Amino acid sequence: LQGGSIWCRRWCVVKNGILQAYMTSSTEGAPVDQIELKAASILRADGQTGKTNSFSIATKTSTRFAVASSEDDLDEWLSWLSHAGCKVVE
């Protein structure tokens with residue numbers, strides 16, 4: 001995920017309509033970032049990031065960027081986020 005100028009690998013979990021990002025695959029403790037998905041929009045962002053299979057997660061107050069490891073992984077992420085309440089903009 002990227003929310004500033006540096007890309008960082010994060011372990012993400014979608015739970016109860018909230019995307020939670022952790023530093024490692026251990027989800028014990030507080031997440032380092034949270035996004036309420038019902039208030040978010042998703043958009044492909046390859047042109048904005050310069051990275052293949054990237055997308056943005058935008059809320060009223062911020063935009064974060066993520067990169068999937070493959071096209072299939074990206075499709076899965078978009079499906080999961082859509083089911084969690086995000087508006088996917090084509």
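Numbering of residues begins at 1 and proceeds along the displayed sequence. Only heavy atoms go into these numbers, but all of them, side chains included; no hydrogens, no water, no symmetry mates. This one's a predicted model, so the numbers in the text were calculated from it and none came from an experiment.
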Engineer: Is a donor on one side and an acceptor on the other found under 3.5 Å between the side chain of Ser54 and the backbone of Ala45?
Structural biologist: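 It does hold such a pair.
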Engineer: Okay, side chain of Thr24, backbone of Ser26: is any donor-acceptor separation there less than 3.5 Å?
Structural biologist: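 Checked: pair present.
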Engineer: For side-chain contact (heavy atoms from CB on, under 4.5 Å), just list the numbers for Arg64 and Asp33, CA-CA rounded to whole Å, side-chain angles, deciding distance to a tenth of an Å, and then say yes or no.
Structural biologist: CA-CA 10 Å; Arg64 275 84 151 202; Asp33 196 7; 2.8 Å; yes
Engineer: Establish whether Phe55 and Val88 are linked, either directly or via other cluster members, by ILVMFWY side-chain heavy-atom contacts under 4.5 Å.
Structural biologist: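 Yes; tracing contacts between hydrophobic side chains, which count when under 4.5 Å, links both residues.
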Engineer: For the hydrophobic clusters of this structure (ILVMFWY residues joined by side-chain heavy atoms under 4.5 Å, transitively), does one cluster hold both Val13 and Val32?
Structural biologist: no
Engineer: Inspect the surroundings of CH2 in Trp11 and state if more than 12 heavy atoms from other residues, nucleotides or ligands are less than 6.0 Å away.
Structural biologist: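 At most 12 heavy atoms, drawn from other residues, nucleotides or ligands, come within 6.0 Å of this atom.
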Engineer: With a 4.5 Å limit on heavy-atom distance, are the side chains of Leu37 and Ile18 in contact?
Structural biologist: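 No - every pair of side-chain heavy atoms lies 4.5 Å or more apart.
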Engineer: To the nearest 0.5 Å, tell me how far His83 NE2 sits from Leu78 CG.
Structural biologist: 12.0 Å
Engineer: How close do Val67 and Lys51 get, heavy atom to heavy atom, and via which atoms?
Structural biologist: CG2-CD, 3.7 Å
Engineer: What's the separation between atom CD1 in Ile35 and atom OG1 in Thr61, rounded to the nearest 0.5 Å?
Structural biologist: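 Taking CD1 in Ile35 and OG1 in Thr61, the distance rounds to 9.5 Å.
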Engineer: Just how far is it from atom CD of Glu36 to atom CG of Leu19, taken to the nearest 0.5 Å?
Structural biologist: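 Rounded to the nearest 0.5 Å, the CD-CG separation comes out at 12.0 Å.
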Engineer: To the nearest 0.5 Å, what is the distance between CZ (Arg44) and OG1 (Thr52)?
Structural biologist: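 Separation between the atoms: 8.5 Å.
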Engineer: Got a second to check how far Ser41's OG is from Leu81's CG, nearest 0.5 Å?
Structural biologist: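 Going from OG on Ser41 over to CG on Leu81, the span is 11.5 Å.
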Engineer: Does Pro31 reach the side chain of Gln34, with side-chain heavy atoms less than 4.5 Å apart?
Structural biologist: yes
Engineer: Going hydrophobic residue to hydrophobic residue with side-chain gaps under 4.5 angstrom, can you get from Tyr22 over to Ile57?
Structural biologist: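 They do not share one cluster, since no chain of ILVMFWY contacts under 4.5 Å joins Tyr22 to Ile57.
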Engineer: Rounded to the nearest 0.5 Å, what separation is found between the CH2 atom of Trp77 and the CG atom of Asn53?
Structural biologist: 13.5 Å
Engineer: If you compare all heavy atoms of Arg10 against all heavy atoms of Ala21, which two are closest, and at what distance to 0.1 Å?
Structural biologist: CB-CB, 4.1 Å
Engineer: Any heavy-atom pair between the side chains of Ile6 and Cys8 that's under 4.5 Å?
Structural biologist: yes
